[in-house]
*Asks:* 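First, the structure itself, so that you have it in front of you.
All of these numbers come straight from a predicted model, not from anything done at the bench.
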Amino acid sequence: GHGVGRDTSEPLGLVRRQRTGALCGHLADRATRHTLGEKMPLSQTQLATYARDGYILLSGLIPDNIANTAEQAMWDCMQAQPDDRATWPDSNYAQGHDRAEIIACYTDDFLQAAAELCGDPLDSTKAPGGALAINIFPSQAPWQTPSPHIDHAIKEHGHKVFPRPFRVATMIFLNDVAERGGGTAVWPGSHRQIEALARSDEERYEDMWALNQDLSQADLRKPLVLTPRRGDVLFYDYLCAHAGSGNISPQPRLALNYKW
């Protein structure tokens, strides 16, 4: 369950706190890490949370100055102004960008966390040369709970379920996300349920596409719709069911997606 209801101290200044039902990790500042003479690893609690839920939202992983600059660069990339709705795209925005201000979000701490969650050596997650912007703009459509999917499930791409086609997926949030403001929905524990479904008939579910078609057979729990803040990062397993959600708030949701 997600029953953490108060701040709890963790080793090396790590704090976990509850936000919209998700267990989050808040990383202490760089000066503290330097004083300790070592990089800040994820705590055993955080690693266990990721293993149990198939995702974890790390709070404040991207420093404010970097996230703020990246947000401004994102508006520039969209050729839009945050305070002038007439300049906003007519629909949701998904496009790759390689601006230096955006790539700066992939800090050493970020890359280390990604490697640890992959269970791989720390040098196995290199900074990307670009990232996919997935920006959800306000809509007049009634808000409804989204339907789950797994990534890399386009039939023509032919991705196999085993071995995993990617190790970990990430979403960096560049602005605060309001309730029903386009937050990512996640299905806790779905990665284990979906893997069990895939193992039940490995011939039928050889491809990610086929597995994605039958997620209703996995008896998933109710989803959690996250409301991250600027600088938060969502890490999720390749079999974690998730979805974008509608945005009926006044502001767009700005985020970067990248997978290793």
Side-chain angles (χ1 to χ4, degrees), residues 19-27 42 46 49-50 53-64 66-68 70-71 73-74 77-78 92-99 101-107 109-118 125 127-128 130-137 146-153 165-188 190-191 223-247 249 251-260:
R19 186 189 305 159
T20 64
L23 191 63
C24 306
H26 181 69
L27 301 180
L42 296 178
Q46 290 169 316
T49 295
Y50 184 77
D53 292 344
Y55 72 91
I56 190 168
L57 184 68
L58 293 185
S59 175
L61 182 59
I62 311 305
D64 287 343
I66 293 177
N68 285 333
E71 180 189 8
M74 179 63 68
C77 288
M78 295 189 293
N92 293 335
Y93 179 94
Q95 190 167 323
H97 291 294
D98 60 1
R99 286 272 295 266
E101 301 95 323
I102 288 174
I103 302 307
C105 290
Y106 297 92
T107 63
D109 288 335
F110 178 108
L111 297 173
Q112 181 183 2
E116 289 192 62
L117 293 171
C118 290
T125 49
L132 176 65
I134 304 180
N135 302 335
I136 300 179
F137 280 79
S147 299
H149 71 265
I150 51 177
D151 288 343
H152 276 38
F166 62 90
R167 295 176 291 158
V168 65
T170 63
M171 290 283 287
I172 299 174
F173 297 94
L174 299 182
N175 63 341
D176 294 351
V177 181
E179 195 78 22
R180 297 190 173 185
T184 303
V186 287
W187 278 256
S190 58
H191 64 312
L224 295 173
V225 180
L226 304 177
T227 53
R229 299 170 192 163
R230 178 189 289 113
D232 291 359
V233 181
L234 172 66
F235 295 83
Y236 60 94
D237 183 87
Y238 86 104
L239 291 179
C240 175
H242 63 283
S245 67
N247 183 357
S249 79
Q251 298 296 323
R253 186 218 70 181
L254 308 181
L256 299 170
N257 180 273
Y258 190 79
K259 301 177 179 72
W260 279 271

*Asks:* Within the structure provided, determine whether Thr125 and Arg167 are in side-chain contact (heavy-atom separation under 4.5 Å).
*Replies:*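 Yes, close enough: below the 4.5 Å cut-off.
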*Asks:* Hey, mind stepping through Tyr236 and His242 against ring pair (Phe, Tyr, Trp, His ring centres under 6.0 Å) and telling me if it holds?
*Replies:* CA-CA 9 Å; Tyr236 60 94; His242 63 283; 4.4 Å; yes
*Asks:* Nearest 0.5 Å please: distance from the CD1 atom of Ile56 over to the SG atom of Cys240.
*Replies:*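 Taking CD1 in Ile56 and SG in Cys240, the distance rounds to 12.0 Å.
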*Asks:* Quick one: sort the Phe110 and Tyr106 rings into parallel, tilted or perpendicular, breaks at 30° and 60°.
*Replies:*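 Phe110 and Tyr106: perpendicular rings.
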*Asks:* What pairs with Val168 under side chain to side chain contact (heavy atoms under 4.5 Å, CB included), at least two apart in sequence or on another chain?
*Replies:*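 Val168 satisfies side chain to side chain contact (heavy atoms under 4.5 Å, CB included) with Tyr50, Ala114, Cys118, Phe235, Trp260 once adjacent residues are dropped.
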*Asks:* For residues Leu111 and Ala127, report the shortest heavy-atom separation together with the two atoms involved.
*Replies:*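 For Leu111 versus Ala127, the nearest heavy atoms are CD1-N, 3.7 Å.
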*Asks:* Would you say Glu116's side chain and Leu42's backbone share a donor-acceptor pair under 3.5 angstrom?
*Replies:*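 Indeed, once roles are kept as given, a pair shorter than 3.5 Å links the two residues.
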*Asks:* Counting distance only, does the side-chain N/O of Asp53 pair as donor-acceptor with the main-chain N or O of Tyr55 below 3.5 Å?
*Replies:*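 No, the answer is negative, given that no donor and acceptor are paired below the 3.5 Å cut-off.
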*Asks:* Which atom names give the shortest non-hydrogen contact between Gly54 and His191, and what distance separates them?
*Replies:*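 Closest approach of Gly54 to His191, heavy atoms only: N-CE1, 3.2 Å.
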*Asks:* Side chains of Ser190 and Ile150: does their closest heavy-atom pair fall under 4.5 Å?
*Replies:*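 The answer is no, as the side chains (C-beta and beyond) never meet within the 4.5 Å cut-off.
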*Asks:* Could you grab the distance from atom CD of Gln95 to atom CD1 of Ile134, nearest 0.5 Å is fine?
*Replies:*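 Taking CD in Gln95 and CD1 in Ile134, the distance rounds to 12.5 Å.
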*Asks:* Decide yes or no on side-chain contact (heavy atoms from CB on, under 4.5 Å) for Leu256 and Met74, but give the supporting numbers first.
*Replies:* CA-CA 10 Å; Leu256 299 170; Met74 179 63 68; 3.5 Å; yes
*Asks:* Taking all heavy atoms of Gly183 and all of Val225, pick out the closest pair and write down the distance.
*Replies:*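 Looking at all heavy atoms of both residues, the closest pair is O-CG1, 3.8 Å.
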*Asks:* Testing the basics here: between Cys77 and Arg99, what is the closest heavy-atom pair and its distance to 0.1 Å?
*Replies:*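 Result for this residue pair: SG-CG, 3.6 Å.
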*Asks:* Once you round to the nearest 0.5 Å, how far does CG of Leu61 lie from CD1 of Ile172?
*Replies:*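 Rounded to the nearest 0.5 Å, the CG-CD1 separation comes to 8.0 Å.
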*Asks:* Test your reading of the model: is there a side-chain donor-acceptor pair from Asn247 to the backbone of Gln251, 3.5 Å cut-off?
*Replies:*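 It does hold such a pair.
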*Asks:* Testing the basics here: between Arg253 and Gly181, what is the closest heavy-atom pair and its distance to 0.1 Å?
*Replies:*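 For Arg253 versus Gly181, the nearest heavy atoms are CB-O, 3.5 Å.
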*Asks:* Just verifying a value: how many Å separate Ile102 CD1 and Glu71 CD, rounded to the nearest 0.5 Å?
*Replies:*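 Result: 11.0 Å between the selected atoms.
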*Asks:* Closer than 3.5 angstrom, by distance alone: can the side chain of Asn135 be matched with the main-chain N or O of Ala255 as a donor-acceptor pair?
*Replies:*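 Confirmed, Asn135 side chain pairs with Ala255 backbone.
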*Asks:* With a 3.5 Å distance limit and no angle check, can you tell me whether Ser245 reaches the backbone of Pro146 through a side-chain donor-acceptor pair?
*Replies:*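 Not at all, since once roles are kept as given, no pair shorter than 3.5 Å links the two residues.
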*Asks:* Compare all side-chain heavy atoms of Leu226 with those of Val177 and state whether any distance is below 4.5 angstrom.
*Replies:*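 When only atoms from C-beta onward are counted, Val177 and Leu226 do not touch, as no gap falls below 4.5 Å.
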*Asks:* Could you grab the distance from atom CD1 of Ile62 to atom OG1 of Thr107, nearest 0.5 Å is fine?
*Replies:*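 With rounding to 0.5 Å, CD1 (Ile62) is 4.5 Å from OG1 (Thr107).
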*Asks:* Does Asp232 use its side chain to pair, donor to acceptor, with the backbone of Phe173 at less than 3.5 Å?
*Replies:*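 Side chain of Asp232 to backbone of Phe173: no pair is present.
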*Asks:* Please assess Asp64 against Arg230 for the test side-chain contact (heavy atoms from CB on, under 4.5 Å), listing each intermediate value before the final yes or no.
*Replies:* CA-CA 8 Å; Asp64 287 343; Arg230 178 189 289 113; 5.5 Å; no
*Asks:* Kindly indicate whether the side chain of Leu234, heavy atoms from C-beta on, has any atom under 4.5 Å from the side chain of Pro228.
*Replies:*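 No; the side chains remain at least 4.5 Å from each other.
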*Asks:* Could you tell me whether a side-chain N or O of Asn257 sits under 3.5 Å from a main-chain N or O of Met171, the two making a donor and an acceptor?
*Replies:*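 Side chain of Asn257 to backbone of Met171: no pair is present.
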*Asks:* Would you say the side-chain atoms of Thr227 pair up with the backbone N or O of Glu179, donor to acceptor, closer than 3.5 Å?
*Replies:*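 No: the side chain of Thr227 does not pair with the backbone of Glu179.
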*Asks:* Quick one: pull up CG in Leu224 and OG1 in Thr184 and give me the separation to the nearest 0.5 Å.
*Replies:*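 It comes to 12.0 Å.
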*Asks:* For Arg180, check side chain to side chain contact (heavy atoms under 4.5 Å, CB included) against everything at least two apart and list the hits.
*Replies:*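 Checked Arg180 against side chain to side chain contact (heavy atoms under 4.5 Å, CB included); matches are Trp143, Ile248.
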